There are 2 protein chains.
Amino acid sequence: MRLSQFFLPLLKENPSEAQIVSHRLMLRAGMIKQQAAGIYSWLPLGLRALDNVERIVAEELDEAGCVRVLMPTLQPTELWKESGRYDALGKEMLRFKDRAERELLYSPTNEEMIIDIFRSYVKSYKSLPLNLYQINWKFRDEVRPRFGVMRGREFLMKDGYSFHVDLDDAKREYFKMYDVYHKIFNRLGLTSIAVSADSGAIGGSLSHEFQVLAETGESQIYYDPRFDDVRSGKKKASGEEMRSWYAAADELHVTDKCPVPKDQLREARGIEVGHIFLLGRKYTDAMNIDVTGPAGALVRVEMATFGIGVSRLVGAIIEASHDDNGIIWPDAVAPFKVGLINLRVGDRKCDDACTLIYDTLCAKQVDTLYDDTDERPGGKFASMDLIGAPWQITVGPKGVERDVVEMKHRKTGEKQELSVESALAKILG
Amino acid sequence: MRLSQFFLPLLKENPSEAQIVSHRLMLRAGMIKQQAAGIYSWLPLGLRALDNVERIVAEELDEAGCVRVLMPTLQPTELWKESGRYDALGKEMLRFKDRAERELLYSPTNEEMIIDIFRSYVKSYKSLPLNLYQINWKFRDEVRPRFGVMRGREFLMKDGYSFHVDLDDAKREYFKMYDVYHKIFNRLGLTSIAVSADSGAIGGSLSHEFQVLAETGESQIYYDPRFDDVRSGKKKASGEEMRSWYAAADELHVTDKCPVPKDQLREARGIEVGHIFLLGRKYTDAMNIDVTGPAGALVRVEMATFGIGVSRLVGAIIEASHDDNGIIWPDAVAPFKVGLINLRVGDRKCDDACTLIYDTLCAKQVDTLYDDTDERPGGKFASMDLIGAPWQITVGPKGVERDVVEMKHRKTGEKQELSVESALAKILG
């Protein structure tokens, strides 16, 4: 993408309304624009990051055998009356009437609707296990929406639901997804800690929250020191091992009962980016969901449910990876992997070198933002740092005379002079 | 995708509520499920088709220099009061209050919000032209939602908006998008006729609807016979030529003033799949949108707007391409390009041949549905015809003995016996 043809409205000043760094950087980098309390437009740079997160989440779930559907944002309220949650969700659930005075709600989560889909078609244990998921916008009418997309009212969420013929199989899928979630957050450049958690309004007998550590996190968490060894790369551990280590969110942590000695216990603030629940029969009992079992008799279906905050993840990644100059995107999520800076637009040699680099990268599907504007060098460097392209290639009149360009790694700050060919080879691997 | 691991709830019976063939086939093929009047869940097969349509629309727009954003589904009403459309849209616009008693609406279209984004950041003619688009769900509270996704209430729409420093440039973009739209519908396997149309609630001085001809179409259209030559492939014509030919929707057609002789004029029913409007200053006057011009003084911005009914297109494609046995997907949109039928699951040779074919196609990113279930042959053939995979490969015990499989082209019905290698070569090109 040529910057002259892109829409990248950067802010020079720190926006006063932003209390945390991800919110501030997302506004400054022209990623989002607030349209109402907790309701945002995603501008082109932000949308590219959001799409990357969504794609990675979907790829890993597809790989794990989950099947994707899409449920509407608006739903009739009948299903929620059937499950008994119509009243339980209170004012967080946005309800209203259509022109025919039929009551609708904006989906805050979809246990009821996925069960409605399930019971319409699935009659036999032979169709199980079945793990359906969707990625779609939800609405929760928070009293105090804040922190940008980290606690918005309209937010993009992956919600998955699995159906099983017995509880053991539901547990098997639960622990499988536990591992898949770690893999997803890893691919997103994050290290997550899964803590035992309260299952709250969703319910069920077992539940883990996936937390990314950050000072601005809303949750207080307590955990075994071995998690820090995994996070820092000092130690590798399987999902099964990690599940045996102590990690709990505030509401489940009881000092006297904690198996980790007090002087070793770690405390931190976390950002919740995923949550999984072993539901058991909570909803299938309420809605009478059976299939015919292997012996012919009806069997009550067991469930688990799996959520990831997709739009929230964009904020969480920035909280976990930034410096004073701006965002430092992990490669997999970066809206542009390469930022190409032409220091003298109009100079034939600079233009030619840039065009060669740009065309080569585009042909290889490497997302590249080419700054072909007549902004001054200082401004160009600052903008590229702000938007966080992992690799920056700078082409200037002095360098091209010697057939070299400057290549900078955003994360380490390392700079190298390289020939165009070497710079391209480095990026194309 | 192995059918045994997919979720494809086919219906044996014709659903009584479906009045038109696309609605009937989408229900029978397990593509959608109605959740309320005009509100649908997209089941896995339907979602794959919808995603393909969305991807093709986005690819062509990106190629044409449009820049993608994403606006929220819920919006504050203030912008609509500013533009004067708050009252104009009446009961079709779903309005309600949040917990703080602030009025919100579910976006039916986004001229106001995109202008709000524009004015927040764009101050100079140097940033123009700018063509921003999004693909997101809209809600219009139709009195009588019907015909499945063809006239739903919650529907997926591509809405694009361009900004210009003068009307000539807006016209240039308008005609450019006219051509891009033909290219998009072509890639989707459709032939469209652009008819002069009334600009209705959106407004503006010039407007074209893109119609796909189908008996079930809601619009009556009148057009020059040369369009049929283009549609049938007998003639090629540029966008400029076609724009000079007569084509009008019902409300703009006046028999006495029509330049085409009565005995040559064609009449047909059409399905509207796109609509473009040269808005001029309709909204920028109402909302006072200026930029600094080349001479330094403020210049009022000119606009055009461009819509495509993305979810509606899935229905329109089926209306345009089906037979008594089911859907006939154009290759580009097909949820699965290849349907692979194993006639004797459990037979080692059949299983091995299928696995080889399946693995090869998957490795080459060819979307393949492998029927590895123990359904009877007749049922497997009927299902593959119903869901419309363009190519079907059948592997049976007699064939594998002679090292051949049967390959069927869904559209022509042609069948061939081929070696596995030849069958693969045919698909992989």
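Below, chain A is the first sequence line, B the second, and so on; all start at residue 1. All values derive from a computational prediction rather than experimental measurement. Values below: all heavy atoms of this structure, side chains included; hydrogens, waters and symmetry mates excluded.
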Heavy-atom pair count under 4.5 Å with chain B, highest-scoring of A:Gly30, A:Pro76, A:Ala36, A:Gly46
A:Pro76
Chain A interface, residue from B:Ala100, B:Ser41, B:Ser4 that has the most non-hydrogen pairs under 4.5 Å
B:Ser41
Could you tell me if B:Asp62 and B:Tyr133 have a donor-acceptor pair between their side chains, going purely by distance under 3.5 Å?
yes
Out of A:Gly65, A:Ser127, A:Pro9, return the one with the most heavy atom pairs under 4.5 angstrom to chain B.
A:Pro9
Do we see a donor-acceptor contact under 3.5 Å between the side chains of A:Glu112 and A:Tyr86?
no
With a 4.0 Å cut-off on N to O distance, would you call A:Glu375 and B:Lys126 a salt bridge?
no
Region of B:Leu132 that comes under 4.5 Å of a non-hydrogen atom in chain A:
side chain
Residues B:Asp159 and B:Lys138 bridged, charged N to O under 4.0 Å
yes
Which atoms of A:Gln34 are under 4.5 Å from chain B, going by heavy atoms: the side chain, the backbone, both sets, or neither?
neither
Salt-bridge test for A:Arg95 and A:Glu103: reply yes if a basic N is under 4.0 Å from a carboxylate O, no otherwise.
no
Looking at B:Ile39, B:Leu79, B:Leu11, which one has more heavy-atom pairs under 4.5 Å with chain A than the rest?
B:Ile39
Which atoms of B:Phe7 come close to chain A, meaning under 4.5 Å heavy atom to heavy atom: side chain ones, backbone ones, both, or neither?
both
Any side-chain donor-acceptor pair under 3.5 Å between B:Thr109 and B:Glu111?
yes
Step-by-step side-chain contact (heavy atoms from CB on, under 4.5 Å) determination, B:Ile387 to B:Met31
CA-CA 9 Å; B:Ile387 69 164; B:Met31 293 178 65; over 6 Å; no
Could you have a look at B:Arg68, B:Met113, B:Gln35, B:Glu92 and say which one has the most heavy-atom pairs with chain A under 4.5 angstrom?
B:Gln35
Relative to chain A, which of B:Arg99, B:Lys91, B:Gln5, B:Gln134 shows the most heavy atom pairs under 4.5 Å?
B:Arg99
Please flag which part of B:Val122 lies under 4.5 Å from any non-hydrogen atom of chain A: side chain, backbone, both or neither.
side chain
Heavy-atom pairs under 4.5 Å with chain B, option from A:Pro44, A:Pro129, A:Pro72 with the top count
A:Pro72
If we define contacts as heavy-atom pairs under 4.5 Å, which of A:Leu43, A:Leu45, A:Ile117, A:Leu130 has the most with chain B?
A:Ile117
Name the region of A:Leu47, side chain, backbone, both or neither, that has any atom closer than 4.5 Å to a heavy atom of chain B.
side chain
Between A:Arg55 and A:Val53, is there a donor-acceptor pair closer than 3.5 Å when you use the side chain of the first and the backbone of the second?
no
With a 4.5 angstrom heavy-atom cut-off, which part of A:Leu10 approaches chain B: side chain, backbone, both or neither?
neither
Chain A contact via B:Leu94 - which portion, at a heavy-atom distance below 4.5 Å:
side chain
Relative to chain A, which of B:Phe139, B:Tyr106, B:Phe6, B:Trp137 shows the most heavy atom pairs under 4.5 Å?
B:Tyr106
Report which part of B:Arg2 has an atom under 4.5 Å of a heavy atom belonging to chain A: side chain, backbone, both, or neither.
neither
Give a yes or no on whether the backbone of B:Glu173 and the side-chain of B:Ser162 come within a donor-acceptor separation of less than 3.5 Å.
no
Could you walk me through whether A:Leu8 and A:Leu369 pass side-chain contact (heavy atoms from CB on, under 4.5 Å), step by step?
CA-CA 11 Å; A:Leu8 185 67; A:Leu369 183 65; 4.2 Å; yes
Looking at A:Val143, A:Asp98, A:Val69, A:Asp141, which has the largest count of heavy-atom pairs under 4.5 Å with chain B?
A:Asp141
In terms of side-chain geometry, is the basic nitrogen of A:Arg48 or A:Asp367 positioned less than 4.0 Å from the acidic oxygen of its partner?
yes
Of all heavy-atom pairs linking B:Leu27 and B:Ile32, the shortest is CD2-O, 3.7 Å
What part of B:Thr73 gets within 4.5 angstrom of chain A, counting heavy atoms only: side chain, backbone, both, or neither?
both
Under 4.5 Å to a heavy atom of chain A? For B:Lys97 that would be backbone
